[in-house]
S.K.: 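Right, I'll just put the structure down here and ask away after.
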Amino acid sequence: MLNPKLLKSEDGIRCIKENLKKRQWDTKDFDFFLEEYYKEKELKQELENLQAQRNQNSKQIGILVREGKQKEADELKAKVKEIGEKIANIKIKINELDDKVKEVLLSLPNILDSSVPEGEDESNNLLVREWGNKPTFDFDPLPHYEIATKHNYIDFERGVKLSGSRFYVYNEEIAKLEREIIRFMLNLHREDGYLERMVPFLVNDESMIGTGQLPKFAEEFYRIEKDALSLIPTAEVPLTNLYRDEILSEKDLPILLTAATPCFRREAGAAGKDTRGIIRVHQFQKVELVILSHPEKSSEHHEALTKQAEKVLQKLNLHYRVMLLCSGDTSAASAKTYDIEVYMPGSKRYVEISSCSNFLDYQARRAKIRYKNSDGKNDYLHTLNGSGVAAGRLVAALMENYQKKDGTIDFEKIYSLIR
RNA sequence: GGAGAGAUGUCAGAGUGGUCGAAUGUGCACGCUUGGAAAGCGUGUGUCCCGCAAGGGACCGGGGGUUCGAAUCCCCCUCUCUCCGCCA
């Protein structure tokens, strides 16, 4: 959620509108929202005045009754009853507006950092740095999905039989490989100060609102209507919401968290995209990194968080590049995002394997995660997260980068790198 | 799943219609005291919104209702605990 103070000044409103345009969002709804927002504010003011009147008179009635002045009390009661009816009417009007206003307020995207380049889509993302080199082969390397079927590493047919398209089954060595790299990643992050958590994979709506999945992105995850719970699309949700509705002490910051979880995504808008292999699937595992930071330190932490994710790829000797996402490609909750894209020699392309974002106070406001600053005042902290890294995509990358001429994978080499 | 009990501030715990944002204890912060500490004494100590301020409004798990007035009465929901059942 944006700082509501922005809505109070012309500068603030201009800033929100420019930000919407930069993100390629529609500003029509926002103008309509502003009208309702101010209307609601006015009504709230009126409500408070009436409530003040009622409180005062009710107190008076209490005094009159105690003094035995029954008649005067009854007269006043009739008057206050009228006020009560007015209050009830205004409350109805406010409630009608409130749902709409809240929804828009929760749907407005974060203000982008000034360093974010303008652009429509991923073609406008900015190359920040590259690490390593594309591997060379004395044969024509295969994409991971061909390796997968050639040696029965991954069973796509039975995955589909069990659950439908975009589901799969890992066999033997690949099942083990994913288990091993998750262990490796968690241990690596723990060594660098991240606290490991094992969290629920189903969360309530408050949690989904807290990190920004609701109300606007309800199509992108699985929700179990019967129990009003959602399957987490990323461990960002439970990890960040761990501290929802809490006020932390300044000395507790920063809090570095990590967790390995499965992630569930509907991929509703991705029909026909990445249909082969395990790049875009409904269920995958991921090691997540989350930082709760002092507001002044978040951009430092953002760089460190990204480097932490890069470390995983460096240890595995995988060539990658870091991209600064352009305005049109940055997710709504994020002010600034770096994607780490690993090189896949079989597919001959770079694939996003980690996305590291600084949300500033956007999620903290929604989730009411605060800290008590040195003046003893409560203030919203900053949240950040990044994959460290997506395990499924890492498996695919390892398959392509460590494939041998006969289509098998050099597991020995991989395991030697992760001990 | 069935039966019952409960949810109040950091915590414990009082409060069953007005003078209650809320006793008391505890914790915490500051001060006094002390060679230093403990004890003791004193003061302060929830959150959010509107407002330049004065001030006003809301919040006693959440939502609705009764009433001039609700922490308190009524209804619904959620969660916690106990017992029974079931179960990895």
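Order of the sequence lines sets the chain letters (A, B, ...), proteins ahead of strands, with each chain counted from 1.
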S.K.: Could you list, one pair per line, each protein nitrogen or oxygen that sits under 3.5 Å from a nitrogen or oxygen of nucleotides 69-71 of chain B, together with the distance?
M.R.:
| unit_1 | atom_1 | unit_2 | atom_2 | d |
| --- | --- | --- | --- | --- |
| B:G69 | O4' | A:Ser58 | OG | 3.3 |

S.K.: B:C52 and B:U34: how far apart are their P atoms, nearest whole angstrom?
M.R.: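 Looking at atom P only, B:C52 and B:U34 are 49 Å apart.
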
S.K.: Please give the distance between the P atoms of B:C11 and B:G61 as a whole number of Å.
M.R.: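 13 Å, rounded to whole Å.
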
S.K.: For the pair made of CD in A:Gln70 and P in B:G18, what is the distance, rounded to whole Å?
M.R.: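 Taking CD of A:Gln70 and P of B:G18, I get 16 Å after rounding.
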
S.K.: Between A:Val65 and A:Asn95, who's closer to the 5' end of RNA chain B by nearest nucleotide?
M.R.: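 Per heavy-atom nearest nucleotide, the more 5' residue is A:Val65.
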
S.K.: With no hydrogens and no angle check, is any side-chain donor or acceptor of A:Asp155 less than 3.5 Å from a backbone partner on A:Arg158?
M.R.: yes

S.K.: Roughly how many Å is it from CG in A:Leu64 to C1' in B:U19, rounded to a whole number?
M.R.: 14 Å

S.K.: Say you pick atom P in B:U80 and the same atom in B:G31; how far apart are they, in whole Å?
M.R.: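 Pairwise P distance, B:U80 against B:G31, rounds to 43 Å.
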
S.K.: I'd like to compare against my own output: the B/S/- annotation of nucleotides 43-57 of chain B with a strict under-4.0 Å heavy-atom distance to protein.
M.R.: ----SSBSS----BS

S.K.: If the cut-off is 4.0 Å, is A:Lys81 near the phosphate of B:C68, judged by side-chain N/O to OP1 or OP2?
M.R.: yes

S.K.: When both hydrogen-bonding distances must be under 3.5 Å and the geometry is Watson-Crick or G-U wobble, what is B:C52 paired with, if anything?
M.R.: none

S.K.: Using the C1' atom in both, what is the distance from B:G2 to B:A70, to the nearest Å?
M.R.: 33 Å

S.K.: Please tell me whether A:Glu236 and A:Thr211 have a donor and an acceptor in their side chains that are separated by less than 3.5 angstrom.
M.R.: no

S.K.: Pairs in or reaching into residues 244-254 of chain A: which pass salt bridge (Lys or Arg N to Asp or Glu O under 4.0 Å), with residues at least two apart or in two chains?
M.R.: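 Qualifying pairs, neighbours excluded: none.
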
S.K.: Examine the side chains of A:His189 and A:Thr258 and answer whether a donor and an acceptor come within less than 3.5 Å of each other.
M.R.: no

S.K.: Mind checking who B:G31 pairs with, Watson-Crick or G-U wobble, both distances under 3.5 Å?
M.R.: B:C41

S.K.: In this structure, how many angstroms lie between the C1' atom of B:G65 and the CD1 atom of A:Ile87, rounded?
M.R.: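 That distance rounds to 16 Å.
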
S.K.: How many whole angstroms separate atom NZ of A:Lys251 from atom P of B:C28?
M.R.: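 Taking atom P of B:C28 as the reference, NZ of A:Lys251 is at 12 Å.
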
S.K.: Write down the distance between CG (A:Leu43) and C1' (B:A58), rounded to a whole number of angstrom.
M.R.: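 Value for this atom pair: 17 Å.
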
S.K.: Using atom C1' of each nucleotide, how far apart are B:G1 and B:C87 to the nearest Å?
M.R.: 12 Å

S.K.: Name the pairing partner of B:G36, where a pair is Watson-Crick or G-U wobble with both distances under 3.5 Å, or state none.
M.R.: none

S.K.: Nearest whole Å is fine: how far is B:C28 C1' from A:Leu248 CG?
M.R.: 17 Å

S.K.: In the structure shown, which nucleotide is the Watson-Crick or G-U wobble counterpart of B:U19, with both distances under 3.5 Å?
M.R.: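 Check on B:U19: unpaired, no WC or wobble geometry under 3.5 Å.
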
S.K.: Please tell me whether A:Asn55 and A:Ser58 have a donor and an acceptor in their side chains that are separated by less than 3.5 angstrom.
M.R.: no

S.K.: Counting only Watson-Crick pairs (N1-N3 plus N6-O4 or O6-N4) and G-U wobbles (N1-O2, O6-N3), all under 3.5 Å, who is the partner of B:G25?
M.R.: B:C11

S.K.: Write down the distance separating the P atoms in B:U10 and B:C60, rounded off to the nearest Å.
M.R.: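 Looking at atom P only, B:U10 and B:C60 are 14 Å apart.
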
S.K.: I need the CD-P distance between A:Glu67 and B:G18, as an integer number of Å.
M.R.: 17 Å

S.K.: Determine which nucleotide pairs with B:C83, using a 3.5 Å limit on both distances of a Watson-Crick or G-U wobble pair.
M.R.: B:G2

S.K.: Paired with B:A70: which nucleotide, if any, by Watson-Crick or G-U wobble criteria at under 3.5 Å for both distances?
M.R.: none

S.K.: If you round to the nearest 0.5 Å, how far is CG of A:Leu289 from CG of A:Leu305?
M.R.: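 If we round to the nearest 0.5 Å, A:Leu305:CG and A:Leu289:CG are 5.5 Å apart.
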
S.K.: Does A:Gln60 have any side chain to side chain contact (heavy atoms under 4.5 Å, CB included) partners at least two apart in sequence or in another chain, and if so, which?
M.R.: A:Ile63, A:Leu64, A:Leu76

S.K.: Sort and list the pairs that fulfil side chain to side chain donor-acceptor pair (under 3.5 Å) and have at least one residue in residues 173-183 of chain A, not counting sequence neighbours.
M.R.: A:Tyr170-A:Glu178, A:Glu178-A:Gln285, A:Glu180-A:Arg183

S.K.: Under a 3.5 Å limit for both distances, which nucleotide forms a Watson-Crick or G-U wobble pair with B:C59, could you say?
M.R.: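 Per the H-bond distance test, B:G46.
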
S.K.: May I ask you to decide if the ring planes of A:His282 and A:Phe167 are parallel, tilted or perpendicular, using 30° and 60° as cut-offs?
M.R.: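 Rings of A:His282 and A:Phe167: tilted, as their planes differ by 30° to 60°.
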
S.K.: Please give the distance between the P atoms of B:C79 and B:U24 as a whole number of Å.
M.R.: 36 Å

S.K.: Tell me, please, which residues at least two apart from A:Phe359 pass ring pair (Phe, Tyr, Trp, His ring centres under 6.0 Å).
M.R.: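 In terms of ring pair (Phe, Tyr, Trp, His ring centres under 6.0 Å), with neighbours along the sequence ignored, A:Phe359 is linked to no residue.
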
S.K.: What integer number of Å spans the C1' atoms of B:U33 and B:A38?
M.R.: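 It works out to 12 Å between them.
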
S.K.: Answer with base, sugar-phosphate or nothing: what part of the nucleic acid does A:Ile61 contact at a heavy-atom distance below 4.0 Å?
M.R.: base

S.K.: What class does the angle between the rings of A:Tyr153 and A:Phe411 fall in, given that below 30° is parallel, 30 to 60° is tilted and above 60° is perpendicular?
M.R.: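 Judged by the thresholds at 30° and 60°, the geometry between A:Tyr153 and A:Phe411 is perpendicular.
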
S.K.: Take the protein atom CD of A:Glu206 and the nucleotide atom C1' of B:C79, then report the distance between them rounded to whole Å.
M.R.: 12 Å

